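Throughout, residue positions are numbered sequentially from 1 according to the sequence presented. Keep in mind that what you see is a predicted model, and the values were worked out from it rather than measured. No hydrogens, no waters, no symmetry mates; every other heavy atom, side chains included, goes into these values.
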Amino acid sequence: MIWAVYTAPQKTLEAQWKLQQRDEARKRRLQIFTTLMATRGNILDYRYVEALNLIDLEFAETAEQDIRDAWKHYLDHLSNYPVVDVRDEATRQSVVNQREANGKDLLAQLLNKMGKKLGYDFEFTYLKSRAYYPIGHGREMDEQGAVRRGLIKVLWEGRPLFIRPVEPPVQAAENKGK
């Protein structure tokens with residue numbers, strides 16, 4: 001009886017600690033999954049990359065081997081980008097499109113397995129094709145890339161920077177009226 005009175009609080013604290021650890025691990029896994037779902041339309045988003053890199057750490061249990069395997073296949077796809085030396089533009093574009101489709105399949109498989117582990121049941125086709133990424137975001141990224149490439153050419157590759165005089169808009173409007 002004395003032993004039970006002495007160890008009961010300790011056992012209660014241990015049980016509470018284990019429950020808290022389990023809940024925190026689920027929250028971290030859920031955060032990774034929700035980040036990947038939210039950013040799946042933009043795989044260059046730093047949050048997307050960070051979430052992918054946390055998979056090995058947070059889904060490390062033996063029962064989650066299928067998730068780590070799916071991540072490994074997707075990582076191999078992302079890391080091994082083949083050089084496409086095809087002169088014909090249509091053939092080159094076909095190869096690029098096939099690679100993109102394979103990447104979407106691998107990502108959908110990964111998200112499907114993670115979702116099932118976390119209690120979500122999304123269809124594979126839904127995960128593969130249902131992500132919103134506005135055209136404007138793509139244009140903005142393309143423009144930012146063009147500006148960066150231009151600055152690199154000017155600052156590091158010695159490309160001259162051309163400056164031309166431009167009449168201020170107010171003066172241009174006044175001159176048109178005369």
Side-chain angles (χ1 to χ4, degrees), residues 17-153 155-157:
W17 175 255
K18 286 180 183 179
L19 286 173
Q20 185 177 355
Q21 291 296 98
R22 190 188 71 199
D23 288 346
E24 288 176 9
R26 177 173 166 66
K27 285 179 185 175
R28 289 191 306 270
R29 291 178 182 128
L30 194 56
Q31 180 63 39
I32 290 170
F33 179 70
T34 56
T35 299
L36 291 175
M37 287 292 288
T39 58
R40 71 187 185 274
N42 180 10
I43 66 171
L44 296 178
D45 190 300
Y46 75 94
R47 295 170 300 153
Y48 179 84
V49 175
E50 186 177 80
L52 285 175
N53 285 320
L54 286 171
I55 290 172
D56 286 325
L57 179 64
E58 295 299 337
F59 290 88
E61 294 178 9
T62 305
E64 298 165 336
Q65 183 64 43
D66 61 332
I67 294 171
R68 288 192 311 281
D69 288 343
W71 162 227
K72 180 182 159 235
H73 293 304
Y74 186 48
L75 177 61
D76 288 344
H77 171 80
L78 294 173
S79 300
N80 300 316
Y81 198 83
V83 176
V84 181
D85 187 22
V86 178
R87 306 275 186 245
D88 178 33
E89 181 60 28
T91 305
R92 189 190 74 73
Q93 192 60 45
S94 174
V95 170
V96 169
N97 290 344
Q98 181 60 44
R99 178 172 167 68
E100 187 176 311
N102 290 343
K104 286 182 179 183
D105 284 346
L106 292 169
L107 175 60
Q109 288 172 3
L110 173 62
L111 291 174
N112 186 273
K113 290 177 184 199
M114 290 174 76
K116 284 182 180 176
K117 175 68 177 173
L118 295 168
Y120 294 96
D121 191 23
F122 291 109
E123 292 179 15
F124 176 81
T125 54
Y126 176 85
L127 292 169
K128 182 178 174 180
S129 62
R130 302 290 295 194
Y132 177 63
Y133 187 71
I135 293 170
H137 284 202
R139 266 193 232 122
E140 183 179 349
M141 285 183 61
D142 290 345
E143 290 167 356
Q144 288 176 2
V147 168
R148 282 193 303 271
R149 286 188 299 278
L151 280 173
I152 288 170
K153 287 180 181 179
L155 297 174
W156 286 287
E157 295 176 7

**Validation row: Q31, K27 side chains within 4.5 angstrom (heavy atoms)** = no
Separation between CD (E157) and CG (L151), nearest 0.5 Å, reads 11.5 Å
For this session: Using a 4.5 Å cut-off on heavy atoms from C-beta on, say whether the side chain of I55 contacts that of L75.
Result: no
Value for CG (L127) from CG (D105), rounded to nearest 0.5 Å, stands at 11.5 Å
Do the side chains of M141 and N42 get nearer than 4.5 Å, heavy atoms only? yes
Side chains of Y126 and N112 in contact at under 4.5 Å (non-hydrogen atoms) = no
Taking everything shown except R99 itself, do over 12 heavy atoms lie less than 6.0 Å from its CZ? yes
Closest non-hydrogen atoms of Y74 and G103, given as atom of the first, atom of the second and distance, are CE1-O, 3.5 Å
Residues, nucleotides or ligands: over 12 heavy atoms within 6.0 Å of E123 CD:
no
Sequence neighbours excluded, the answer for ring pair (Phe, Tyr, Trp, His ring centres under 6.0 Å) partners of H137 is Y133
Checklist entry - Do any N or O atoms from the side chain of S79 and from the backbone of D76 form a donor-acceptor pair under 3.5 angstrom? => result no
Pairing donors with acceptors under 3.5 angstrom, does anything connect the side chains of Q98 and N102? yes
Partner of E24 under side-chain hydrogen bond (donor to acceptor under 3.5 Å, both in side chains), picked from R26, R22, Q20, is Q20
Rounding to 0.5 Å, atoms CD (E61) and NZ (K117) come to a distance of 5.5 Å
Flag side-chain contact, heavy atom, 4.5 Å: M37 against Y120: no
Open item on the list: With heavy-atom distances below 4.5 Å as the criterion, would you say the side chains of K113 and D69 are in contact?
Closed with: no
- Task: State, yes or no, whether a side-chain contact exists between W71 and N53 at a heavy-atom distance under 4.5 Å.
- Result: yes
- Item | D56 bridged to R68 by N-O distance under 4.0 Å | no
Scanning both residues in full, the closest heavy-atom pair of T35 with T39 reads O-OG1, 2.7 Å
Y48 meets the ring pair (Phe, Tyr, Trp, His ring centres under 6.0 Å) criterion, sequence neighbours left out, with none
Q: Answer yes or no: are there more than 12 heavy-atom neighbours, outside L19 itself, under 6.0 Å from its atom CG?
A: yes
Side chain to side chain contact (heavy atoms under 4.5 Å, CB included) between R130 and R40, intermediate numbers included: CA-CA 9 Å; R130 302 290 295 194; R40 71 187 185 274; 4.2 Å; yes
Rounded to the nearest 0.5 angstrom, the CG-CG distance for L107 and L52 is 7.5 Å
Quick check: does any side chain N or O of E64 sit under 3.5 Å from a backbone N or O of A60, one acting as donor and the other as acceptor? yes
Check your understanding: Would you say I32 and M114 make side-chain contact, with heavy atoms under 4.5 Å?
Key -> yes
CD1 (I135) and CD (E140) are apart, to the nearest 0.5 Å, by 14.0 Å
NZ of K128 to CG of L106, rounded to nearest 0.5 Å, is 10.0 Å
